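Counting starts at 1 for both ligands and their atoms, in listed order. The structure displayed is predicted, hence computed values, not measured ones.
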Amino acid sequence: MIDLPFTFTLPMPQVIPSKVDNHIERRLSALRGQFLDQDTYSKMLATEDRLIYEVYEIKRPEVEGELLMGISIVHPGKVGKEFFMTKGHFHSVLETSEVYYCLRGEGYMVMETPEGATSVEVLSPGKVLYVPPRWGHRSVCTSRLEDLVTFFAYPGNAGHDYGTIELHGFRKLVLEGVNGPEIVDNPRSQ
Ligand code: PAN
Ligand code: ZN
(Lines give C-alpha, C1' and ligand atoms only; values in the text may rest on other atoms or scores of the structure.)
(Ligands and ions follow the chains in the order given, each with its own letter.)
Protein backbone atom coordinates (compact mmCIF):
# COMPACT_ATOMS: atom_id res chain seq x y z
CA MET A 1 0.00 0.00 0.00
CA ILE A 2 1.35 3.38 -0.96
CA ASP A 3 1.52 6.07 1.75
CA LEU A 4 -0.75 9.04 1.28
CA PRO A 5 0.60 12.58 1.45
CA PHE A 6 -0.24 14.36 4.70
CA THR A 7 -0.10 17.80 6.22
CA PHE A 8 0.20 19.20 9.71
CA THR A 9 0.50 22.64 11.22
CA LEU A 10 2.87 24.28 13.71
CA PRO A 11 0.51 26.68 15.49
CA MET A 12 2.15 29.67 17.14
CA PRO A 13 2.96 30.54 19.85
CA GLN A 14 3.45 27.06 21.40
CA VAL A 15 4.50 25.52 18.05
CA ILE A 16 3.51 22.01 19.12
CA PRO A 17 2.77 20.12 15.86
CA SER A 18 -0.91 19.38 15.22
CA LYS A 19 0.17 15.78 14.54
CA VAL A 20 2.46 14.26 17.20
CA ASP A 21 3.43 10.59 17.55
CA ASN A 22 6.01 10.84 20.31
CA HIS A 23 6.90 13.40 22.98
CA ILE A 24 10.37 13.17 24.55
CA GLU A 25 11.37 15.07 27.69
CA ARG A 26 15.03 15.34 28.60
CA ARG A 27 15.98 16.47 32.07
CA LEU A 28 19.19 17.66 33.72
CA SER A 29 20.07 14.08 34.72
CA ALA A 30 20.27 13.11 31.01
CA LEU A 31 23.13 15.60 30.53
CA ARG A 32 25.47 14.20 33.18
CA GLY A 33 29.11 15.03 32.42
CA GLN A 34 28.27 17.57 29.70
CA PHE A 35 28.25 20.88 31.56
CA LEU A 36 31.62 22.45 32.36
CA ASP A 37 30.72 23.49 35.92
CA GLN A 38 30.18 20.05 37.41
CA ASP A 39 29.86 21.32 40.99
CA THR A 40 26.95 23.57 40.05
CA TYR A 41 25.47 20.70 37.98
CA SER A 42 25.50 18.38 41.01
CA LYS A 43 24.01 21.04 43.29
CA MET A 44 21.23 21.83 40.82
CA LEU A 45 20.47 18.13 40.31
CA ALA A 46 20.27 17.56 44.08
CA THR A 47 17.58 20.27 44.25
CA GLU A 48 15.54 19.41 41.16
CA ASP A 49 15.89 17.35 37.97
CA ARG A 50 14.92 20.32 35.77
CA LEU A 51 13.31 19.87 32.36
CA ILE A 52 15.93 21.08 29.85
CA TYR A 53 14.40 20.26 26.46
CA GLU A 54 11.56 18.49 24.70
CA VAL A 55 11.11 16.91 21.28
CA TYR A 56 7.81 16.32 19.47
CA GLU A 57 8.31 13.65 16.79
CA ILE A 58 6.24 12.81 13.73
CA LYS A 59 6.97 9.11 13.25
CA ARG A 60 7.94 7.63 9.90
CA PRO A 61 9.66 4.33 9.12
CA GLU A 62 13.38 4.63 9.95
CA VAL A 63 14.56 3.71 6.48
CA GLU A 64 16.40 5.39 3.63
CA GLY A 65 14.05 7.51 1.52
CA GLU A 66 11.93 8.64 4.49
CA LEU A 67 12.31 11.96 6.31
CA LEU A 68 11.90 12.18 10.10
CA MET A 69 10.46 15.50 11.23
CA GLY A 70 9.68 17.19 14.49
CA ILE A 71 9.99 20.15 16.79
CA SER A 72 12.76 20.64 19.33
CA ILE A 73 12.17 22.99 22.28
CA VAL A 74 15.14 23.97 24.46
CA HIS A 75 14.06 25.84 27.59
CA PRO A 76 15.95 28.88 28.89
CA GLY A 77 18.38 28.49 31.78
CA LYS A 78 22.01 27.92 32.69
CA VAL A 79 24.23 25.56 34.64
CA GLY A 80 26.73 28.02 36.09
CA LYS A 81 27.55 30.20 33.06
CA GLU A 82 26.66 27.54 30.46
CA PHE A 83 23.33 27.77 28.68
CA PHE A 84 20.82 24.90 28.59
CA MET A 85 21.39 22.68 25.56
CA THR A 86 20.54 19.36 23.95
CA LYS A 87 22.69 16.26 24.49
CA GLY A 88 23.84 16.51 20.88
CA HIS A 89 24.88 13.66 18.62
CA PHE A 90 26.42 12.45 15.40
CA HIS A 91 24.16 10.53 13.07
CA SER A 92 25.05 6.82 13.20
CA VAL A 93 25.08 6.93 9.41
CA LEU A 94 27.61 9.78 9.31
CA GLU A 95 26.90 10.61 5.68
CA THR A 96 23.40 11.93 6.47
CA SER A 97 22.41 15.56 6.83
CA GLU A 98 19.68 17.56 8.55
CA VAL A 99 17.70 20.77 8.05
CA TYR A 100 16.70 22.99 10.98
CA TYR A 101 14.29 25.93 10.76
CA CYS A 102 14.19 28.27 13.76
CA LEU A 103 10.70 29.41 14.72
CA ARG A 104 11.19 31.07 18.11
CA GLY A 105 13.88 32.17 20.54
CA GLU A 106 17.59 32.80 20.22
CA GLY A 107 20.48 30.42 20.37
CA TYR A 108 23.20 28.55 18.58
CA MET A 109 23.83 25.26 16.82
CA VAL A 110 27.21 23.93 17.93
CA MET A 111 28.68 21.58 15.33
CA GLU A 112 31.83 19.57 14.68
CA THR A 113 33.13 16.78 12.50
CA PRO A 114 34.97 13.65 13.69
CA GLU A 115 38.07 15.13 12.01
CA GLY A 116 37.94 18.19 14.32
CA ALA A 117 36.37 20.93 12.16
CA THR A 118 34.06 23.17 14.20
CA SER A 119 31.22 25.57 13.40
CA VAL A 120 28.80 27.51 15.58
CA GLU A 121 25.80 29.13 13.84
CA VAL A 122 23.34 31.61 15.32
CA LEU A 123 19.71 30.47 15.44
CA SER A 124 17.02 33.14 15.39
CA PRO A 125 13.44 33.15 14.11
CA GLY A 126 13.25 32.66 10.33
CA LYS A 127 16.73 31.20 9.99
CA VAL A 128 17.24 27.92 8.13
CA LEU A 129 20.34 25.90 9.03
CA TYR A 130 21.67 23.09 6.86
CA VAL A 131 23.78 20.59 8.80
CA PRO A 132 25.81 18.72 6.15
CA PRO A 133 26.75 15.04 6.41
CA ARG A 134 29.40 14.24 9.11
CA TRP A 135 28.61 17.21 11.37
CA GLY A 136 27.60 16.38 14.97
CA HIS A 137 25.13 18.96 16.30
CA ARG A 138 23.76 20.36 19.56
CA SER A 139 21.29 23.24 19.99
CA VAL A 140 21.81 25.80 22.75
CA CYS A 141 19.14 28.24 24.02
CA THR A 142 20.54 31.67 24.89
CA SER A 143 17.21 33.51 25.31
CA ARG A 144 16.75 34.73 28.86
CA LEU A 145 13.05 33.94 29.04
CA GLU A 146 11.94 32.35 25.78
CA ASP A 147 12.26 28.76 24.51
CA LEU A 148 14.48 28.04 21.49
CA VAL A 149 12.08 26.30 19.08
CA THR A 150 13.28 24.63 15.87
CA PHE A 151 11.67 22.42 13.24
CA PHE A 152 13.95 19.65 11.95
CA ALA A 153 13.95 17.04 9.17
CA TYR A 154 16.55 14.31 8.61
CA PRO A 155 16.82 11.03 6.70
CA GLY A 156 14.92 8.08 8.14
CA ASN A 157 18.00 5.85 8.21
CA ALA A 158 20.28 8.40 10.01
CA GLY A 159 20.18 6.93 13.54
CA HIS A 160 21.78 8.65 16.55
CA ASP A 161 25.24 8.21 18.04
CA TYR A 162 25.15 9.88 21.48
CA GLY A 163 28.13 7.98 22.90
CA THR A 164 30.88 9.95 21.17
CA ILE A 165 29.63 13.27 22.59
CA GLU A 166 28.94 11.73 26.02
CA LEU A 167 32.61 10.67 26.15
CA HIS A 168 34.37 13.77 24.79
CA GLY A 169 31.80 16.61 24.75
CA PHE A 170 31.79 19.19 21.95
CA ARG A 171 34.94 21.17 21.20
CA LYS A 172 33.07 24.47 21.61
CA LEU A 173 30.90 25.65 24.52
CA VAL A 174 28.43 28.54 24.74
CA LEU A 175 28.84 30.48 27.99
CA GLU A 176 27.33 33.67 29.34
CA GLY A 177 29.92 36.47 29.03
CA VAL A 178 29.87 40.09 30.19
CA ASN A 179 28.47 41.26 26.83
CA GLY A 180 26.23 38.29 26.09
CA PRO A 181 26.90 34.72 24.93
CA GLU A 182 30.51 33.74 24.18
CA ILE A 183 31.84 30.76 22.23
CA VAL A 184 34.81 29.23 24.06
CA ASP A 185 37.02 26.18 23.65
CA ASN A 186 36.00 23.24 25.82
CA PRO A 187 39.01 22.65 28.08
CA ARG A 188 37.93 19.02 28.54
CA SER A 189 37.86 18.12 24.83
CA GLN A 190 41.17 19.63 23.68
C1 PAN B 1 16.92 16.39 16.44
C2 PAN B 1 17.39 16.18 17.87
C3 PAN B 1 16.66 16.99 18.91
C4 PAN B 1 17.11 16.63 20.33
O5 PAN B 1 15.73 15.73 16.25
O6 PAN B 1 17.28 14.81 18.13
O7 PAN B 1 16.89 18.33 18.70
O8 PAN B 1 18.51 16.60 20.48
P9 PAN B 1 19.28 15.28 20.92
O10 PAN B 1 18.85 14.18 19.96
O11 PAN B 1 20.71 15.61 20.77
O12 PAN B 1 18.88 14.93 22.30
C13 PAN B 1 18.00 15.77 15.54
O14 PAN B 1 19.03 16.34 15.35
N15 PAN B 1 17.76 14.56 15.06
O16 PAN B 1 18.66 13.93 14.28
ZN1 ZN C 1 20.43 15.04 14.18
(message) Closer than 4.0 Å to some heavy atom of Tyr162 - which atoms of ligand 1 meet that?
(response) 9 (P), 10 (O), 11 (O), 12 (O)
(request) Determine whether Asn157 and Glu62 make a side-chain contact, defined as any pair of heavy atoms from C-beta on separated by less than 4.5 Å. (result) no
(message) Please list, in number order, the atoms of ligand 1 under 4.0 Å from a heavy atom of Arg26.
(response) 12 (O)
(request) Just jot down the ligand 1 atoms closer than 4.0 angstrom to any heavy atom of Glu98, in number order. (result) 1 (C), 13 (C), 14 (O), 15 (N), 16 (O)
(message) Counting neighbours of NZ on Lys81 that are heavy atoms of other residues, nucleotides or ligands and sit closer than 6.0 Å, is the number greater than 12?
(response) no
(message) Below a 4.0 angstrom heavy-atom separation, can you tell me which part of Glu57, side chain or backbone, both or neither, approaches ligand 1?
(response) neither
(request) Heavy-atom contacts with Val55 under 4.0 Å: which atoms of ligand 1 show up? List them by number with element. (result) 3 (C), 4 (C)
(request) Enter the distance from Ser189:OG to Leu36:CG here, rounded to the nearest 0.5 Å. (result) 10.0 Å
(request) Return a yes/no value for Gly88: is any of its N or O atoms, backbone included, closer than 3.5 angstrom to an N or O of ligand 1? (result) yes
(request) Go through ligand 1 atom by atom and flag the ones less than 4.0 Å from a non-hydrogen atom of Ser72. (result) 7 (O)
(message) Parallel, tilted or perpendicular, judged at 30° and 60°: which one describes the rings of His89 and Tyr162?
(response) perpendicular
(message) Counting only heavy atoms closer than 4.0 Å, does ligand 1 sit against the backbone of Tyr56, its side chain, both, or neither?
(response) neither
(message) Counting backbone and side-chain atoms alike, is an N, O or S atom of His137 positioned under 2.8 Å from the Zn ion (ligand 2)?
(response) yes
(request) Examine His75 together with Tyr53 and report whether their ring centres are nearer than 6.0 Å. (result) no
(message) I'd like to know whether the aromatic ring centres of Tyr154 and His160 sit less than 6.0 Å apart in this structure.
(response) yes
(request) May I ask you to decide if Ser29's main-chain N or O and Asp49's side chain share a donor-acceptor pair within less than 3.5 Å? (result) yes
(message) Counting only heavy atoms from other residues, nucleotides and ligands, does the tally under 6.0 Å from CD of Glu182 exceed 12?
(response) yes
(message) Does the residue Arg138 have a heavy-atom contact with ligand 1, meaning some pair of atoms that are separated by less than 4.0 Å?
(response) no
(message) Considering non-hydrogen atoms of the protein only, which is the closest contact for atom 6 (O) of ligand 1, and what is the distance?
(response) His89 CE1, 3.6 Å
(request) Would you check if the distance from the ring center of Tyr56 to the ring center of His23 is below 6.0 Å? (result) yes
(message) Please list, in number order, the atoms of ligand 1 under 4.0 Å from a heavy atom of His137.
(response) 14 (O)
(message) Considering both backbone and side-chain atoms of Ser139, is one of its nitrogen or oxygen atoms within less than 3.5 Å of a nitrogen or oxygen in ligand 1?
(response) no
(request) Please work out the angle at the Zn ion (ligand 2) defined by atom OE1 of Glu98 on one side and atom NE2 of His91 on the other, rounded to 10°. (result) 80°
